[in-house]
Amino acid sequence: QVQLVESGGGLVQTGGSLRLSCAASGRMFGINDMGWYRQAPGKQRELVATITSGGRTNYGDSVKGRFTISRDNAKNTVYLQMNSLKGEDTAVYYCFANLWVGVTTRNDYWGQGTQVTVSS
């Protein structure tokens with residue numbers, strides 16, 4: 001069974017930093033795009049960042065210049081470095097990965113979510 005396990009969330013003050021990690025495990029042939037979305041209370045889920053298997057990145061407008069996405073293909077892991085955090089960044093952060101799970105089968109998988117809370 002394929003799973004995405006997230007870690008690194010927590011409580012931080014305005015202006016602080018956190019790094020989120022998400023590792024894919026289980027039976028897979030390869031990993032395509034990976035990325036992060038977030039959902040704050042009362043708001044729609046929004047794109048944070050994506051990264052292709054070749055390292056091309058894309059960011060949501062609200063996090064450009066503050067967040068950096070990266071990946072380690074040998075570890076099947078995607079990271080999100082979050083700097084200059086604001087109250088508006090408070091949300092549950094979900095990672096995703098598009099995985100080859102069969103010869104001709106590609107599926108999207110989602111992590112369980114990790115809470116990021118920015119205070120003061």
Side-chain angles (χ1 to χ4, degrees):
Q1 182 181 346
V2 174
Q3 284 189 301
L4 302 182
V5 179
E6 299 163 315
S7 62
L11 176 65
V12 65
Q13 293 187 60
T14 299
S17 298
L18 285 173
R19 190 173 85 147
L20 307 183
S21 300
C22 177
S25 63
R27 185 173 181 267
M28 67 192 79
F29 295 166
I31 304 176
N32 299 304
D33 292 358
M34 305 184 80
W36 297 88
Y37 284 77
R38 68 187 183 186
Q39 187 165 21
K43 301 184 71 175
Q44 184 67 35
R45 186 183 69 174
E46 67 174 340
L47 171 72
V48 178
T50 61
I51 184 167
T52 69
S53 60
R56 294 181 180 270
T57 60
N58 182 55
Y59 296 93
D61 288 340
S62 64
V63 307
K64 285 180 181 176
R66 299 188 299 119
F67 292 9
T68 303
I69 189 171
S70 61
R71 63 191 287 167
D72 185 337
N73 290 327
K75 297 180 179 178
N76 296 339
T77 299
V78 62
Y79 305 95
L80 185 69
Q81 178 66 47
M82 304 184 292
N83 298 326
S84 302
L85 283 161
K86 308 173 180 179
E88 309 92 88
D89 297 317
T90 295
V92 177
Y93 285 70
Y94 299 92
C95 72
F96 79 88
N98 183 262
L99 307 177
W100 286 102
V101 295
V103 175
T104 60
T105 304
R106 293 178 292 175
N107 288 333
D108 289 337
Y109 293 86
W110 291 86
Q112 79 286 352
T114 185
Q115 177 71 48
V116 172
T117 302
V118 185
S119 66
S120 95

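We're numbering straight along the sequence, starting at 1.
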Between D61 and K64, does at least one N-O distance fall below 4.0 Å, as a salt bridge requires?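 Answer for the salt bridge query: yes.
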Assess, by modelled atom type and distance only, whether the side chains of S53 and N32 contain a donor and an acceptor separated by less than 3.5 Å. no
For N73 and R71, which I'm curious about, is there any donor-acceptor pair between the side chains at under 3.5 Å?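 Present: a donor and an acceptor within the cut-off.
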Honestly curious: do [X] and [Y] fall in one hydrophobic cluster under the side-chain, below-4.5 Å linking rule?
X	Y	answer
Y37	L20	no
Y79	V116	no
L47	Y93	no
I69	L4	yes
L80	F96	no

I need the minimum non-hydrogen distance between R38 and E46, along with the two atoms involved.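 Looking at all heavy atoms of both residues, the shortest contact is NE-OE2, 2.7 Å.
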Note: N76 and M28 closest approach over all heavy atoms is ND2-SD, 4.3 Å
Does a side-chain heavy-atom distance below 4.5 Å link C95 with M34? no
Please check: side-chain N/O of [X] versus main-chain N/O of [Y], any donor-acceptor pairing under 3.5 Å?
X	Y	result
T117	T90	no
S84	G15	no
Q13	S120	no
E6	C22	no

